[in-house]
Number of protein chains: 2
Amino acid sequence: MIEDDDRIRMSLGLALEDEGYTVRSAGTAEEGLAAQRADPADTVLVDLMLPGIDGFECIRQLRRDGDVPIIVVSARDDTHDVVAALEAGADDYVIKPVAVKELSARMRALRRRARPAQASTLTLVFGELEIRPQAGEVLLHGELLSLTRTEFRLICELAEHAGLVLSRQQLLERVWEYDYGDDRLVDVHIGRLRQKIEDNPSVPSRLITVRGLGYKLQR
Amino acid sequence: MIEDDDRIRMSLGLALEDEGYTVRSAGTAEEGLAAQRADPADTVLVDLMLPGIDGFECIRQLRRDGDVPIIVVSARDDTHDVVAALEAGADDYVIKPVAVKELSARMRALRRRARPAQASTLTLVFGELEIRPQAGEVLLHGELLSLTRTEFRLICELAEHAGLVLSRQQLLERVWEYDYGDDRLVDVHIGRLRQKIEDNPSVPSRLITVRGLGYKLQR
DNA sequence: CGCGGTTTGTCACGCAACTGTCATAGATCC
DNA sequence: GGATCTATGACAGTTGCGTGACAAACCGCG
């Protein structure tokens, strides 16, 4: 929720939590946008009258970053504002004060329409290597590889953070869901993965060792 | 547009045509539903106060037939009605009299969210395999297969997410509506389904096992 | 209400594939 | 040159999957 009026933020936030939502709120567009980038919510409520960046611009920026459902919650009951907000990329526009039940129903209705957050992760491409987390497929030179589950989860994890070094411990946590574990285990699986995704496994070009730190997938 | 008041139908219809829409209208839910079945519109506007079948029931039936965007245009400004209409499957609710510009903007906003051409889920085609969820038919090489209810729901679920891996737990939830369940159960039914839809059931080419993850229907 | 046939869920078993461990060999750094 | 880090082959234990058999539940029908 991006809303500058503290009281509304408080009361609406609590009311929505009663409805079962988890609410995070920001007092300015800048804060809200940053929060949405850092850790995206699955629905955004935004006021139009904001200090600094105004609501319309805020909507446009949210839209540029992704296709999160956006509902305007505004005190202004004016056709021009409604049209402008929807044009900017909002999905719905309700007038304050709003019945929480109605807002909640509108959020649910909108959620039904929202694309199941896949557009971004459908295919990750790294040159000749393509990874489709949803489809459980990895292709090299256009050909389907047969990876084991561990190999698959490992490469997905690396691909989601392509270019960043992940330590063995991080990988153990995320792929194996171990709290601790033997670093060698990661090595072994990296090795097996290289056999499959590297053109020359002994001289890795995609799955890179960063000595002392961990591994990364070359962008 | 499903609306029983002739004057509103007239004026709103003309106004929307000015906005560039092609409008067809019906005076009762029965007429409107029939029209939508015969030649689906890409957005439906519906009043709540209708003679015969009322607006809520009309929405439910439209929803059962497909996922056309539905906007309620009602004179009643009542939270209960809004919530009920949205629960029934409507996507938006505006109060009469409504500014045409606003209605038009809401229609456009909704259209952005509408799944492109999934309205035509009449037949899902996978090579020689055709699935008609609405008709309850599955054809292989043009011939009608006789599937059990479970097999049918299973293949529909897989077909709706063709190319994506569905885990056994996901399938249990969606096909069986179990919250938990035995993974073997899914295996067994997948096996039975393969007997019917695979040319060589022991070497599946359509209904693919993704080891450690689940199953998917090959696009 | 009872009767056939069909559908459904459970189970146990066997095969194939996968996993983690270890030991050894190799690479890199200072 | 020694210390540290990484790669890899082999192996035994485990897991995941497919399947046939079977009993319970269901269904249409007389």
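Lettering follows sequence order; numbering is per chain, from 1.
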| Looking at T148(A), does any N or O in its side chain come under 4.0 Å of the phosphate oxygens OP1/OP2 on dA17(C)? | no

| Do E19(A) and S104(A) get their side chains close enough for a donor-acceptor pair, meaning under 3.5 Å? | yes

| For L171(B) and dC17(D), what is the distance between atoms CG and P respectively, to the nearest whole Å? | 12 Å

| query | If you draw a 6.0 Å radius around CZ in R76(B), do more than 12 non-hydrogen atoms from other residues or ligands fall strictly inside? | reply | no

| note | Between W176(A) and R211(A), whichever has its closest DNA chain C nucleotide further toward 5' is W176(A)

| task | Select base, sugar-phosphate, or nothing to describe what Y178(B) touches, counting heavy atoms under 4.0 Å on all strands. | result | sugar-phosphate

| How does protein contact run along nucleotides 7-12 of chain D, one letter per nucleotide 5' to 3', with B for base contact, S for sugar-phosphate only, - for none, heavy atoms under 4.0 Å? | SB-B--

| Short side-chain N/O contact from R149(A) to OP1 or OP2 of dG16(D), under 4.0 Å | yes

| message | What is the distance, to the nearest angstrom, from the CG atom on L193(A) to the C1' atom on dT19(C)? | response | 15 Å

| message | Which label fits W176(A) and Y178(A): parallel for a plane angle under 30°, tilted from 30 to 60°, or perpendicular past 60°? | response | tilted

| query | Roughly how many Å is it from CG in L185(B) to P in dA12(C), rounded to a whole number? | reply | 16 Å

| field | H161(B)-R174(B) side chain donor-acceptor pair, cut-off 3.5 Å | value | yes

| said: Rounded to whole Å, how long is the line connecting atom CG of L213(A) with atom P of dC29(C)? | reply: 12 Å

| said: Nearest whole Å is fine: how far is dT19(D) C1' from E198(B) CD? | reply: 16 Å

| Just how far, in rounded Å, is P of dC18(C) from CG of L154(A)? | 15 Å

| Within the side chain of R60(B), is there an N or O that forms a donor-acceptor pair under 3.5 Å with the backbone of A88(B)? | no

| Backbone N/O of L140(B) and side chain of E143(B): donor-acceptor pair under 3.5 Å | no

| What's the CG-C1' distance between D182(B) and dT19(D), to the nearest Å? | 14 Å

| request: In whole angstrom, give the distance that lies between atom CG of L172(A) and atom P of dT19(C). | output: 14 Å

| query | Okay, side chain of D4(B), backbone of G27(B): is any donor-acceptor separation there less than 3.5 Å? | reply | no

